[in-house]
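The structure appears below as structure tokens.
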Amino acid sequence: MTTHLVIAVVALAAACTPQRKVDTPLPPADVARISHGRHAQVPCGGCHRGAARPGSDDHRPCDDGACHRKDFTGEPTRLCEVCHAAITARPLVAPLKPYPIEDAWQAEPSRFSHKRHLEAAKMEDRVGFHVTCTDCHTRGDAGLSRPDHAACTRCHAAEVALAGAPRMEDCRTCHEPATRLRTRQRLIRDDLHFDHTRHRADRRGRTIHCEDCHVQTQSSTGYRDHGAPRVESCVACHDDTARTPAVMRMRICETCHKKRSETLTSIAPRNHLPLTERPLDHTIAFRRDHAEAAERDATRCAACHTQMSGNPKQACDECHQTMLPADHRITWRELDHGTEAVDRERCARCHVTDFCTSCHRQRPRSHGFATAFWTDHGRSARIDIRPCVACHSEGFCTPCHVAIGTRGVR
Amino acid sequence: MTRAMTRAMTRTGGVRGVTAAIALGLTASPALAAPQLQLRITHEPPPRHLRMRPRAAATAPPPAARPATPMPAAPAPLSQVDPSDRSDEIAGLRDVLEPVSFSLTIGYQVDGARPSGKASLDAPVQEGRDYSALRSYGFGELFFSTRGVALDSLSSYIALRLDAGQQDSYRPPGQANALRVAPPITTWFERTTFEVRTGWGEIKDFLPRRFGLRKLRFRAGSQYVYGPWVLHLDGGLLAYDGDIVTASAYAGGSHADYVNTAELANERYGVAGLSLRVDLRRLASLPIAVTGETVGVINAGVINGVAGQPDSTHRQLEVDWQPRRDFTVFAQLRTLGDRLASERVQFRGRYRQVSNLVFDVMRRFDTDWRWDPSFIVADDPMAARRYLDLGPVVPQVIASLRGGTLIAENVDLLLRTAIAADLSKPGEPKSSFSAGYVELGGALEVRLRRTVAVGASALSRQTTREDVPGVPIIDVRLSPQPLAPSEATGERGFTEAGGRMRMSLGARRFSAMAEVYGRQTRYAITYRDPTNRIDTSDVRGGGRVTLDAWIGKRVRLFASYDLSSAIEHTPEITSYKSLRLTMTGVY
């Protein structure tokens with residue numbers, strides 16, 4: 001007992017130690033990128049003058065006397081690589097890198113909270129009105145725009161002077177002084193195509209609300225928890241004949257994909273199946289080990305397993321008393337189940353003890369009900385005597401065998 | 001300004017004009033000091049489509065004389081969708097928040113076997129006299145649950161079972177008494193009953209909310225309690241479901257299930273238990289939860305008790321470490337009385353919904369119970385056994401590893417293995433059911449089309465049987481032989497494999513499945529008869545076809561047909577077969 005306590009204490013102590021962080025390889029960073037940290041003493045507006053690229057006005061303000069003038073008057077230096085992909089002096093060719101830079105690292109990322117902007121009640125309390133998605137993601141011919149600074153100025157510019165709303169002069173209100181990995185998650189990528197303008201209303205003419213697909217947006221407080229829409233959202237409509245025309249059904253790959261590949265993986269993934277199909281996580285392994293998931297959210301189980309009460313507490317029996325495991329086939333009761341008694345905990349998940357007792361008190365079919373099985377059971381017993389001793393003790397057998405044996409019957 | 005005063009004097013004339021001019025001059029004089037107004041729009045105003053709504057706080061207060069009305073509700077959010085709530089996916093299937101819901105299933109089953117004309121291994125059998133070729137019976141299940149009916153905080157659940165089966169009998173010619181023939185193949189019951197399997201009412205949030213009392217709930221009735229063992233009680237459970245502390249206390253009598261004799265129905269024992277779980281995650285930011293449980297089984301003085309069994313106390317301590325949502329390690333100790341009975345360590349990991357890994361090690365001591373908390377000491381070895389006897393309790397360790405994943409979102413794969421070892425010392429009693437074994441199995445399902453999937457499964461278990469001196473026993477005719485020791489009996493191993501094809505247009509629309517399987521069992525050789533060969537293995541198989549169809553969202557029809565191959569050790573019949581039809585209504 002002491003040993004076990006010591007082990008338990010050691011295990012507890014080990015569990016309480018801080019978690020080790022796994023060093024995962026980070027994507028490479030462009031060493032030529034400007035360091036905002038080194039320019040911390042320069043006001044943001046000193047370089048960012050409008051939406052144009054800093055330095056696009058004939059290298060102003062980078063070539064100011066106090067800054068990098070000498071880099072612009074001599075031979076090209078590494079500073080040029082901040083904006084230019086390459087520079088050749090004769091003839092003068094200096095192609096620019098794309099701007100804004102869209103690599104894996106994001107400098108001075110914004111901390112935009114969709115939740116804060118979409119909480120209508122709080123917003124009204126604060127500024128007197130609320131906004132909806134299309135106030136910022138304005139509709140255009142090409143779909144919905146990605147908001148830029150101009151979209152923010154409509155409420156946050158100093159001239160608007162909304163009480164309670166941050167002003168845009170203070171860049172730090174939105175932008176963090178850091179560089180971090182981009183966390184943008186996209187559903188529409190690779191060969192997928194999607195058009196917001198065709199998703200304004202369904203076949204019945206009912207409006208498709210943004211949050212029907214972007215379910216996480218309303219609770220998202222930053223970019224990290226702003227997940228892309230899930231395919232299940234697509235399935236909800238595209239497998240519903242009332243909402244989607246037949247030619248746009250989920251089983252027609254070209255509805256969303258540009259081409260249909262001919263490999264095994266071209267079969268629609270599980271998350272493309274109708275919602276009435278088994279959920280994605282109901283794998284073969286899940287069938288065996290689902291206790292934690294069921295304990296966490298029994299209400300979810302009850303939506304399909306209609307014999308359940310929906311009560312989240314102590315509800316295992318509501319399924320385990322009725323659903324038959326796959327291996328309980330026709331031969332299970334009479335022939336197979338004995339070998340599984342090595343795992344009695346598995347039996348006990350559904351059967352209480354008196355289930356075994358009740359059955360084992362009945363005469364088995366093999367005992368030949370009307371015939372005298374008790375005189376003719378030797379061959380079965382010699383093949384495997386364990387089924388006999390599960391119910392009968394040696395004391396049960398001996399009196400007959402001794403008596404009959406002496407009569408020479410055995 | 002001067003021109004305006006002059007114009008006023010001219011237009012009104014005389015004294016009235018002077019007065020008006022002075023008044024205009026006085027009124028306008030502050031404007032002289034004000035700065036130039038900036039009337040140029042320098043920024044686009046908020047767009048017109050920003051919806052202006054009155055503020056909730058701006059609503060006029062009610063008159064003092066009238067009774068105060070509650071504050072108006074906050075403006076409706078933009079959407080009712082809770083992002084963490086996935087019920088939108090399945091809202092079309094069933095709303096679990098409906099006040100009343102029920103499910104009623106009625107079924108009919110017929111099973112049996114046809115005579116093959118071959119002789120049996122033992123006593124000769126005959127259709128009609130020893131068994132009926134076909135047996136039919138009915139059954140039904142009713143599940144009824146309520147939420148907030150009569151009382152907001154009251155919920156209830158009732159599960160009823162209906163059995164409609166009859167014992168078949170045979171009256172030999174010239175005899176007055178009928179003889180009972182064998183029971184059906186696939187069901188355990190031969191009775192007509194209507195029983196409440198589970199039925200409880202639960203009330204919560206019934207006490208003043210101070211001190212967190214609203215988190216108390218009380219459940220009374222026939223219910224299952226999950227503690228050191230699964231207990232089916234007729235009694236009450238009081239629980240506190242707090243964020244940090246979860247506690248419950250329960251007491252009652254064991255519920256007799258599946259009883260077919262009055263003796264078993266009366267053999268009920270008392271149970272009282274306590275459970276306390278402290279989640280340190282919220283208390284001290286440690287991802288650890290500690291659970292302590294104690295269960296007392298009372299045989300004496302309460303109801304009738306289990307004959308021959310003393311009272312017992314079982315305690316269990318469990319520590320869960322869950323540093324991440326999908327990563328859990330738990331350790332568990334269980335005692336019987338003051339002795340350690342079993343210990344267990346389990347790791348559970350999950351990755352991206354579809355990949356699961358479970359590693360479990362369980363060690364059982366010879367101080368453990370024999371079957372469950374109510375049965376802890378051996379029966380009289382010379383009496384006919386009252387219980388299914390799995391032999392003495394043998395120290396044992398079982399380790400199992402299971403892992404499954406979904407490859408390319410189409411190939412569903414499960415692999416599992418287990419190893420068990422008998423830890424008893426030489427000379428100590430052993431059991432056939434506690435022998436060491438190695439098990440390896442797996443299952444696979446691949447979807448070939450959007451609605452068609454094929455699968456295969458296999459399982460093999462090889463058991464270590466002890467080499468016991470004197471076994472195999474040479475069977476000498478006309479001489480009684482001893483029973484072989486338990487550890488030498490049983491199967492040496494079995495291997496089973498199966499394949500299946502499934503077509504599904506949606507689990508709640510229409511699905512069909514066809515399955516075939518086979519199994520080979522090898523038995524330990526305990527007897528040897530020089531004159532008469534004894535089989536050491538058998539091979540059998542079978543198949544199953546199921547159809548599952550929904551008519552709308554409320555009615556389900558289900559049919560299955562099971563068929564086995566010929567059973568080697570039951571040569572007098574061709575095979576087992578069974579047809580099962582059920583209809584379920586859901587509300």
Side-chain angles (χ1 to χ4, degrees), chain A residues 15 120-121 129 157 159 211 215-216 219 251 265 267-270 274-278 281 283-285 289 299 302-303 306-307 309-310 317 330-331 341 348 352-360 365 368-371 373 376-377 379-380 382-386 391 394-396 401-402 405 408, chain B residues 42-43 50 52 74-75 78-79 81 83 89-90 93-94 96 103 121-123 125 129-130 143 145 157 179 181-182 188 224 230 232 257-258 260 321 353 356 358 372 382 384 388 404 408-410 412 414 432 443 447 450 478 480 483 489-490 506-508 523 527 534-535 562 564 576 578 586:
Chain A
F129 62 90
E159 296 92 323
E211 57 269 26
V215 291
Q216 289 187 332
S219 66
R251 61 170 55 99
T265 55
I267 303 165
R270 280 200 174 195
L275 296 180
T276 52
E277 184 56 276
R278 285 180 311 186
D281 60 354
T283 58
I284 301 174
D289 294 296
T299 310
T306 50
Q307 73 273 23
S309 65
D317 62 287
I330 192 169
T331 50
V352 290
T353 308
D354 56 13
F355 177 77
C356 311
T357 311
S358 299
C359 232
H360 276 266
R365 272 173 71 84
F369 269 56
T371 58
F373 177 80
D376 293 295
H377 54 259
R379 195 165 170 196
S380 294
R382 282 181 292 177
I383 293 171
D384 185 14
I385 202 166
R386 193 173 73 175
C391 295
E394 191 164 6
F396 178 82
H401 273 262
V402 170
Chain B
T42 58
H43 190 275
L50 290 182
M52 304 296 182
L78 292 177
S79 166
V81 175
E89 295 173 26
I90 46 184
L93 305 181
R94 177 193 176 195
V96 295
S103 164
L121 289 185
D122 303 304
V125 295
R129 189 192 68 181
D130 296 313
F143 307 97
S145 57
Y157 177 70
L179 300 171
V181 300
W188 64 274
Y224 282 81
V230 184
H232 191 182
D257 276 326
Y258 308 105
N260 48 13
W321 177 52
Q353 289 193 69
N356 295 274
V358 177
D372 74 356
M382 295 308 290
L388 168 68
E409 295 202 46
N410 273 329
D412 192 351
L414 167 73
S432 172
R447 286 189 309 112
R450 192 165 185 263
L478 308 180
L483 289 179
T489 65
R508 294 174 70 93
Y523 299 102
Y527 291 95
I534 298 171
D535 293 340
D562 277 50
S564 78
Y576 296 160
S578 168
V586 177

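A note on names: the letters A, B, ... follow the listed sequences, proteins ahead of strands, and every chain is numbered from 1. If you're wondering where the values come from, they're calculated on a predicted model, not measured in any experiment.
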**Asked** Measuring from A:R382:CZ to B:Y527:OH, what's the distance to the nearest 0.5 Å?
**Response**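 That separation rounds to 9.5 Å.
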Looking only at heavy atoms, which two atoms of [X] and [Y] are closest? And how far apart?
| X | Y | answer |
| --- | --- | --- |
| B:Y523 | A:I383 | CB-O, 3.7 Å |
| B:D535 | A:R379 | OD2-NH2, 4.2 Å |
| B:G404 | A:A285 | CA-CB, 3.7 Å |
| B:S564 | A:T331 | CB-CG2, 3.9 Å |
| B:D412 | A:T283 | OD2-CA, 3.3 Å |

**Test log, rule side chain to side chain contact (heavy atoms under 4.5 Å, CB included), inputs B:V586 and A:T306** = CA-CA 7 Å; B:V586 177; A:T306 50; 3.6 Å; yes
